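Given the structure is predicted, the values throughout are model-derived calculations rather than measurements.
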Amino acid sequence: MPTAMYRDFHRRHSSGEAEYRRDYGRSGRPLRRKDYRSRSRSRRREKRERYFRGSSGTRTRRRSDDRKLRLKQFHDACARKEETHRNGHHSYDERGHSHSHHDSHYSSRNSSVRDDEDGHLIYHHGDWLVNRYEIQGTLGEGTFGKCLKCYDRKRERVIALKIIKNVDKYREAAKLEIKVLEKIAQKDPNDESLCIKLQTWFEYHGHICLGFERLGKSVFDFMKENNYQKYPMHQVMHISHQLISAVKFLHSIKLTHTDLKPENMLFVDSGYDVYWNKNMQQELKILRNSEIKLIDFGSATFDWEHHSTIVSTRHYRAPEVVLELGWSFPCDIWSIGCIMFELYTGNTLFQTHDNREHLAMMEATFGPIPSEMTRKTKKTKYFRKGRLEWDQTSPDGIYVKDNCKHLREHASSKIETDRRFIDLLEKLLSYDPNDRLTARDAMKHSYFDELRHRAQATTHFRGSHSSERYRED
């Protein structure tokens with residue numbers, strides 16, 4: 001008998017059949033690693049079958065007990081993950097405090113949490129974040145991420161949770177926004193600034209999450225759903241006054257918002273009543289409450305920080321920004337003027353996406369751009385001998401001529417309120433930033449006299465109660 005065969009025969013008969021099968025299997029060939037795994041699975045399957053062998057009632061009870069145990073283990077694991085998350089390396093708790101303790105178990109990303117190709121968190125209605133926030137829907141989407149409607153089961157209320165993309169530059173921008181919001185909260189402890197307040201924030205698998213109070217629709221969304229109809233004059237006045245008041249506060253702490261637009265102004269409550277307009281032969285929505293709050297401080301810049309060359313959304317961008325002359329607080333004032341015009345007419349003041357056309361629209365609305373500004377601009381080549389190079393006979397030139405007219409021609413009537421409104425716009429939309437009204441001076445303009453008288457009357461009838469939003473100090 002050959003040596004190898006003798007060794008196999010001796011092992012089989014000296015150690016017993018069971019040991020032989022354990023090492024060689026039924027076929028007689030040596031077992032490989034995958035064979036051991038297959039045999040282990042077979043043994044587990046046999047054990048499971050023996051466990052559930054018996055009456056159907058016994059099997060049901062055992063499965064129910066097992067399910068309860070697995071659910072308990074799952075919830076315990078979620079609680080441990082949440083605690084680990086709050087104390088993990090470079091993560092943040094809900095008060096915004098950074099922790100340096102490293103936990104290697106949670107540092108690896110959960111395989112069930114995935115992002116799409118743009119960096120947005122993939123989620124479904126009913127999902128839970130950090131075992132506390134239940135996702136109930138999507139409120140909106142922007143450049144930095146998505147805003148979700150979530151139920152906070154700890155505080156038992158619905159909040160708006162802004163989830164930033166899992167992209168480095170957006171994460172860094174979110175951390176800067178958190179610093180701005182914390183500064184606003186520090187300077188406005190009584191919540192009088194009309195700026196949205198940060199309630200909580202945390203990091204979730206690479207996504208910075210910011211929690212805010214749940215507000216209504218934006219000024220733009222309400223207008224859009226109302227067929228872009230203008231707001232009633234008393235609401236234009238109230239919304240404009242609140243916006244200027246919020247900006248006045250920001251400028252007082254040396255902060256420029258840089259992205260003022262109707263999309264970043266949310267109504268506290270966007271409930272409305274429907275009326276039939278006989279002249280227009282259509283239904284119109286009228287807000288019941290025009291109180292607003294200012295949001296989105298992701299681009300806000302303190303006076304001592306680096307100022308990007310280009311800021312603001314195109315339609316609300318000041319001329320000094322277009323001409324790359326540098327900017328400061330007055331660029332917010334220009335944006336306010338553009339927003340007020342949109343509230344008053346239902347249309348944007350400058351509907352364009354091109355710098356040269358934008359400048360041509362400004363000149364059609366306010367007259368020629370001052371030569372002092374055209375001489376200072378060096379990086380742009382829109383002017384020749386101090387005049388804008390613009391062909392008025394071209395299709396673009398004809399479009400500007402047909403769709404732009406002098407600001408005073410937009411007055412819907414000749415009543416005193418409209419006249420004061422246009423006068424305020426002219427002072428907010430001055431070419432020279434140094435000639436524009438400050439937010440403090442704009443609040444004192446005669447256009448808001450009716451609002452002040454109404455506030456004084458309300459104060460008189462309600463005794464000592466007064467609304468902080470009408471203060472001018």
Side-chain angles (χ1 to χ4, degrees), residues 140-145 169-170 173 177 218-224 228 230 239-240 243 247 250 256-266 294-301 307-369 373-374 377 379-383 388-391 394-405 407 410 425 428-433 436:
E141 179 178 345
T143 305
F144 287 81
K169 64 177 181 179
Y170 295 132
E177 181 178 6
S218 71
V219 171
F220 172 78
D221 286 338
F222 187 88
M223 184 186 302
K224 180 180 178 181
Y228 293 99
K230 62 182 182 181
I239 295 171
S240 301
L243 175 60
V247 172
L250 295 178
T256 308
H257 188 282
T258 76
D259 197 19
L260 297 176
K261 55 184 177 181
E263 290 90 332
N264 289 337
M265 301 157 56
L266 299 188
L294 189 60
I295 68 166
D296 197 350
F297 295 87
S299 303
T301 306
H307 285 37
S308 302
T309 302
I310 301 298
V311 293
S312 304
T313 300
R314 160 69 67 189
H315 306 86
Y316 313 94
R317 187 174 295 163
E320 66 269 22
V321 179
V322 177
L323 298 175
E324 300 184 23
L325 298 176
W327 55 267
S328 186
F329 307 126
C331 78
D332 278 349
I333 302 301
W334 178 277
S335 299
I336 291 174
C338 295
I339 293 170
M340 290 177 62
F341 178 90
E342 195 166 339
L343 300 176
Y344 180 73
T345 64
N347 301 311
T348 52
L349 182 55
F350 302 115
Q351 184 61 45
T352 181
H353 297 282
D354 176 77
N355 279 345
R356 194 183 301 272
E357 185 180 66
H358 195 172
L359 295 171
M361 287 181 169
M362 290 181 185
E363 291 197 337
T365 307
F366 306 112
I369 298 174
M373 296 181 69
T374 61
T377 179
K379 296 182 179 180
T380 60
K381 299 180 180 179
Y382 306 124
F383 298 89
L388 179 67
E389 286 191 299
W390 180 252
D391 185 3
S394 67
D396 292 337
I398 296 173
Y399 169 80
V400 171
K401 184 178 180 180
D402 292 342
N403 291 275
C404 296
K405 56 185 179 181
L407 183 63
H410 287 282
L425 283 193
L428 296 176
L429 296 169
S430 173
Y431 279 127
D432 192 338
R436 288 177 210 149

Asker: Are L359 and V322 packed together at the side-chain level, in the sense that at least one heavy-atom pair is separated by less than 4.5 angstrom?
Answerer: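 The answer is yes; the side chains approach within 4.5 Å.
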Asker: Does the side chain of Y170 come within less than 4.5 Å of T143's, by heavy atoms?
Answerer: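 Yes - at least one pair of side-chain heavy atoms lies under 4.5 Å apart.
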Asker: So W327 and H307, side chain to side chain contact (heavy atoms under 4.5 Å, CB included) or not? Walk me through it.
Answerer: CA-CA 8 Å; W327 55 267; H307 285 37; 3.4 Å; yes
Asker: Tell me whether T377 contacts the main-chain N or O of M373 through its side chain, where contact means a donor paired with an acceptor under 3.5 Å.
Answerer: no
Asker: Can you confirm whether L294 sits close enough to L250 that some side-chain heavy atom of one is under 4.5 Å from a side-chain heavy atom of the other?
Answerer: yes
Asker: Ignoring hydrogens and angles, tell me if any N or O in the side chain of R436 forms a donor-acceptor pair with the backbone of L429 under 3.5 Å.
Answerer: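 Side chain of R436 to backbone of L429, a donor-acceptor pair under 3.5 Å: no, none is there.
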Asker: Judged by atom type as modelled, is there a donor-acceptor pair below 3.5 Å linking the side chain of E177 to the main-chain atoms of D296?
Answerer: no
Asker: So, the side chain of Y431 versus the backbone of G367: is there a donor-acceptor pair under 3.5 Å, distance only?
Answerer: yes
Asker: Kindly compute the distance separating CG (L428) from CG (D332), expressed to the nearest 0.5 Å.
Answerer: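 L428 CG to D332 CG: 12.0 Å, rounded to 0.5 Å.
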Asker: With distance as the sole test, does S299 use its side chain to make a donor-acceptor pair with the main-chain N or O of T258 at under 3.5 Å?
Answerer: no
Asker: Looking at every heavy atom in both V321 and C331, which two are closest together, and how far apart are they?
Answerer: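 Closest approach of V321 to C331: CG2-CB, 4.3 Å.
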Asker: Between L349 and C338, which heavy-atom pair has the shortest distance, and what is it?
Answerer: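 Taking L349 first and C338 second, the nearest heavy atoms are CD2-SG, 4.3 Å.
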Asker: Does the side chain of E342 come under 3.5 Å of the side chain of Y316 through a donor N or O and an acceptor N or O?
Answerer: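 Looking only at side-chain atoms, Y316 and E342 do form a donor-acceptor pair, the distance falling under 3.5 Å.
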Asker: Distance check, rounded to the nearest 0.5 Å: I398 atom CD1 versus K401 atom NZ?
Answerer: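 One finds 8.0 Å between CD1 of I398 and NZ of K401.
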Asker: Write down the atom of A364, the atom of V400, and the distance for their closest heavy-atom approach.
Answerer: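 Reported closest heavy-atom pair: CB-CG1, 4.3 Å.
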Asker: Is the closest side-chain heavy-atom distance between F341 and T365 below 4.5 Å?
Answerer: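 No; the side chains remain at least 4.5 Å from each other.
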Asker: Side chains of R314 and H353 only: does a donor on one sit below 3.5 Å from an acceptor on the other?
Answerer: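 R314 vs H353: no donor-acceptor pair found between side chains.
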Asker: Check for a donor-acceptor pair, side chain of R356 on one end and backbone N or O of W390 on the other, with a separation under 3.5 Å.
Answerer: no
Asker: Would you check if the side chain of H257 reaches a backbone N or O of I295 as a donor-acceptor pair within less than 3.5 Å?
Answerer: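 Indeed, once roles are kept as given, a pair shorter than 3.5 Å links the two residues.
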Asker: For the pair W334 (side chain) and R317 (backbone), establish whether a donor and an acceptor sit closer than 3.5 Å, ignoring hydrogens and angles.
Answerer: yes
Asker: Determine the minimum heavy-atom distance between E363 and I369, stating which atoms define it.
Answerer: OE2-N, 3.2 Å
Asker: If we ignore hydrogens and angles and just use 3.5 Å, is the side chain of S394 paired with the main-chain N or O of G397 as donor and acceptor?
Answerer: yes
Asker: Is there a side-chain hydrogen bond (donor to acceptor under 3.5 Å, both in side chains) between T313 and D259? Walk through the geometry before answering.
Answerer: CA-CA 6 Å; T313 300; D259 197 19; 2.9 Å; yes
Asker: Compare all side-chain heavy atoms of Q351 with those of N403 and state whether any distance is below 4.5 angstrom.
Answerer: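 The answer is no, as the side chains (C-beta and beyond) never meet within the 4.5 Å cut-off.
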Asker: Could you state the interatomic distance from CG (L407) to CZ (F366), rounded to the nearest 0.5 Å?
Answerer: 5.5 Å
